[in-house]
Asker: 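Structure incoming, see below.
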Amino acid sequence: MFDKEIEFSAHEDYFSLKEDYPIPTKLNIPEWYKKLEHTFLNKTVKGCMPFLDSLTAGYLLKMPQDFNVRHNVINKNEEGEVFKDSFQTHALHQFNFLLGQNFINLNSGVDIHTKKQLEGSPFIEKNKNLPIYKIINPWKIKTPKGYSCLFVPPLNNTDDRFSIIPGIVDTDTFSNEINFPIVINGDKYSVLETLIKKGTPYVQVIPFKRDSWKMTIKPRKPKEIQNSRLFYGLRILNIYKEKYWNKKSWK
């Protein structure tokens, strides 16, 4: 069986920097998870294969440059006008060659969604009613025919300062780079002054095959539920891993 191939390509000038290439998500397992032990007497999330699958599924995109964030901080521009959001970048030269996207301000490394574009959504409240910034992503993503990509914040391993707005793109037919709106975590940081460093993982890319589905809802017989509970009552360590789990491969 041949592996399916997902392709990440970038402008040759950016590619030649050999920095911040996409990586398999499995290479970014958090240290706290690695340190956990899972035994019969001390069961932890390290024995939960669904949790591990979330930590290793797909691929990661990294921040292509530094971003200096002063979110909900009172600022003044050169004309003395007061405003409350600021999203500035370092290493501007990395994006000078992306002149094909001249409809946005490349020097900032970001685009902007106005509040009106997401009016009424929970993202606006979380973002303290400020504009939603969108990271300019240098990587074009290509999947085989019939395959799309789900884009989410790194699952169970998200940066607590911000997250992207999830989305799905048909990457077998879409031929441009995909840029990612991010929302500041206003639930934790009502005001945030921080540096989001170049190379910070911020998007988990999970390719999947498009299929047509229909839903069926039906009852379960009491005997079936009882037998299931008796089976799990045996309390066998790693029972899901040994009996039901299928190993996934992400290279």
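Keep in mind the model is a prediction, meaning the values are calculated, not measured.
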Asker: Once you round to the nearest 0.5 Å, how far does CZ of F151 lie from CZ of F180?
Answerer: 4.5 Å
Asker: Under the salt bridge (charged side-chain N to carboxylate O under 4.0 Å, His left out) rule, collect the residues that match up with K142, sequence neighbours excluded.
Answerer: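 None.
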Asker: Listed by chain and number, what are the side-chain hydrogen bond (donor to acceptor under 3.5 Å, both in side chains) partners of N185, not counting sequence neighbours?
Answerer: K126
Asker: Can you name the closest pair of heavy atoms from P22 and L61 and give their distance?
Answerer: CG-CD2, 3.8 Å
Asker: According to salt bridge (Lys or Arg N to Asp or Glu O under 4.0 Å), does anything in residues 149-174 pair up with another residue at least two apart or in another chain? List the pairs.
Answerer: D159-R161, D160-K188, D170-R210, D172-R210
Asker: Is there a path of hydrophobic side-chain contacts, each under 4.5 Å between heavy atoms, that joins V69 and V191?
Answerer: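 Shared cluster, no.
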Asker: Check each of Y59, W139, Y14, F8 against Y21 using the ring pair (Phe, Tyr, Trp, His ring centres under 6.0 Å) test, and report the only one that passes.
Answerer: W139
Asker: Going by the rule side-chain hydrogen bond (donor to acceptor under 3.5 Å, both in side chains), which residues pair with T171 if we only count those two or more places apart in sequence or in a different chain?
Answerer: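 Expected list: T143.
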Asker: When you measure from the side chain of S190 to the backbone N and O of G186, does any donor-acceptor pair fall under 3.5 Å?
Answerer: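 Not confirmed, S190 side chain does not pair with G186 backbone.
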Asker: Using a strict 4.0 Å threshold on nitrogen-to-oxygen distance, state whether E31 and K34 make a salt bridge.
Answerer: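 Salt bridge: yes.
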Asker: At what distance, to the nearest 0.5 angstrom, does CG of N68 lie from NZ of K197?
Answerer: 12.5 Å
Asker: Tell me whether the count of non-hydrogen atoms from other residues, nucleotides or ligands lying under 6.0 Å of CD in Q117 goes above 12.
Answerer: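 Yes, because the 6.0 Å sphere around CD of Q117 holds more than 12 heavy atoms from other groups.
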Asker: For residues 47-63, pull every pair meeting salt bridge (Lys or Arg N to Asp or Glu O under 4.0 Å), keeping only residues two or more places apart or in separate chains.
Answerer: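 Salt bridge (Lys or Arg N to Asp or Glu O under 4.0 Å) check on residues 47-63 returns D53-K248.
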Asker: Which pair of heavy atoms, one from N28 and one from P201, lies closest together, and at what distance?
Answerer: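 Shortest heavy-atom contact: ND2-CG, 3.8 Å.
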Asker: Determine, stepwise, if the pair I206 / Q204 fulfils side-chain contact (heavy atoms from CB on, under 4.5 Å).
Answerer: CA-CA 6 Å; I206 304 176; Q204 188 166 349; 4.1 Å; yes
Asker: Between P166 and P153, what is the shortest heavy-atom contact and its length?
Answerer: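 Between these two residues, the closest heavy atoms are CG-CD, 4.1 Å.
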Asker: Who are the ring-ring contact (aromatic ring centres under 6.0 Å, His included) partners of F208, not counting sequence neighbours?
Answerer: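 Partners of F208 under the ring-ring contact (aromatic ring centres under 6.0 Å, His included) test: none.
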Asker: Residues two or more places apart in sequence or in another chain: which of them pass ring-ring contact (aromatic ring centres under 6.0 Å, His included) with Y189?
Answerer: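 Partners of Y189 under the ring-ring contact (aromatic ring centres under 6.0 Å, His included) test: none.
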Asker: Tell me every residue that passes salt bridge (charged side-chain N to carboxylate O under 4.0 Å, His left out) with K251, counting only those two or more places apart in sequence or in another chain.
Answerer: D3
Asker: Sequence neighbours left out, what passes side-chain hydrogen bond (donor to acceptor under 3.5 Å, both in side chains) with K145? Give chain and number order.
Answerer: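 Expected list: none.
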Asker: Working to the nearest 0.5 Å, report the span between CG of L192 and CZ of R70.
Answerer: 11.0 Å
Asker: In the hydrophobic clustering (ILVMFWY, side-chain contacts below 4.5 Å, transitive), which residues join L118, or is it alone?
Answerer: F123, I124, I132, I165, V183
Asker: Cluster question for you: counting only ILVMFWY and a side-chain heavy-atom cut-off of under 4.5 Å, with indirect links fine, are I29 and F51 together?
Answerer: yes
Asker: Treating Ile, Leu, Val, Met, Phe, Trp and Tyr as nodes and any side-chain heavy-atom pair under 4.5 angstrom as an edge, say whether L27 and W32 lie in one connected cluster.
Answerer: no
Asker: Would V45 and M49 show up in the same hydrophobic cluster when neighbours are defined by side-chain heavy atoms closer than 4.5 Å?
Answerer: yes
Asker: Please give me the minimum heavy-atom distance between H38 and K43, naming the atom from each residue.
Answerer: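 It is ND1-CA, 3.5 Å.
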Asker: Check the pair K128, K84 against side-chain contact (heavy atoms from CB on, under 4.5 Å), reporting the backbone distance first and the verdict last.
Answerer: CA-CA 10 Å; K128 296 301 177 185; K84 266 195 167 185; over 6 Å; no
Asker: Could you give the distance from CG (N42) to CD (E37), rounded to the nearest 0.5 Å?
Answerer: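 So the CG of N42 and the CD of E37 are separated by 7.5 Å.
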Asker: Please round to the nearest 0.5 Å and tell me the distance separating atom CD of E125 and atom CG of D187.
Answerer: 7.5 Å
Asker: Give, for atom CE of M63 and atom OH of Y202, the distance between the pair rounded to the nearest 0.5 Å.
Answerer: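 Answer for the CE-OH pair, M63 versus Y202, is 6.0 Å.
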Asker: With side-chain contact (heavy atoms from CB on, under 4.5 Å) as the criterion, how do K115 and N129 come out once you've worked through the C-alpha distance, each side chain's angles and the decisive distance to 0.1 Å?
Answerer: CA-CA 7 Å; K115 293 180 290 182; N129 205 36; 3.7 Å; yes
Asker: List the atom of K4, the atom of Y147, and the distance in Å for their closest heavy-atom pair.
Answerer: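 Looks like CE-OH, 3.3 Å.
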Asker: Just to verify, what does E7 make a salt bridge (charged side-chain N to carboxylate O under 4.0 Å, His left out) with, not counting sequence neighbours?
Answerer: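 E7 satisfies salt bridge (charged side-chain N to carboxylate O under 4.0 Å, His left out) with no other residue.
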Asker: Between T25 and G58 (side chain of the first, backbone of the second, donor and acceptor by atom type, cut-off under 3.5 Å), is there such a pair?
Answerer: yes
Asker: Indicate, with yes or no, if I6 and L60 share a hydrophobic cluster defined by side-chain heavy-atom contacts under 4.5 Å among Ile, Leu, Val, Met, Phe, Trp and Tyr.
Answerer: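 No.
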Asker: Listed by chain and number, what are the ring-ring contact (aromatic ring centres under 6.0 Å, His included) partners of Y133, not counting sequence neighbours?
Answerer: F87
Asker: For the residue pair I178 and N137, what are the closest heavy atoms and their distance?
Answerer: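 Closest approach of I178 to N137, heavy atoms only: O-ND2, 2.9 Å.
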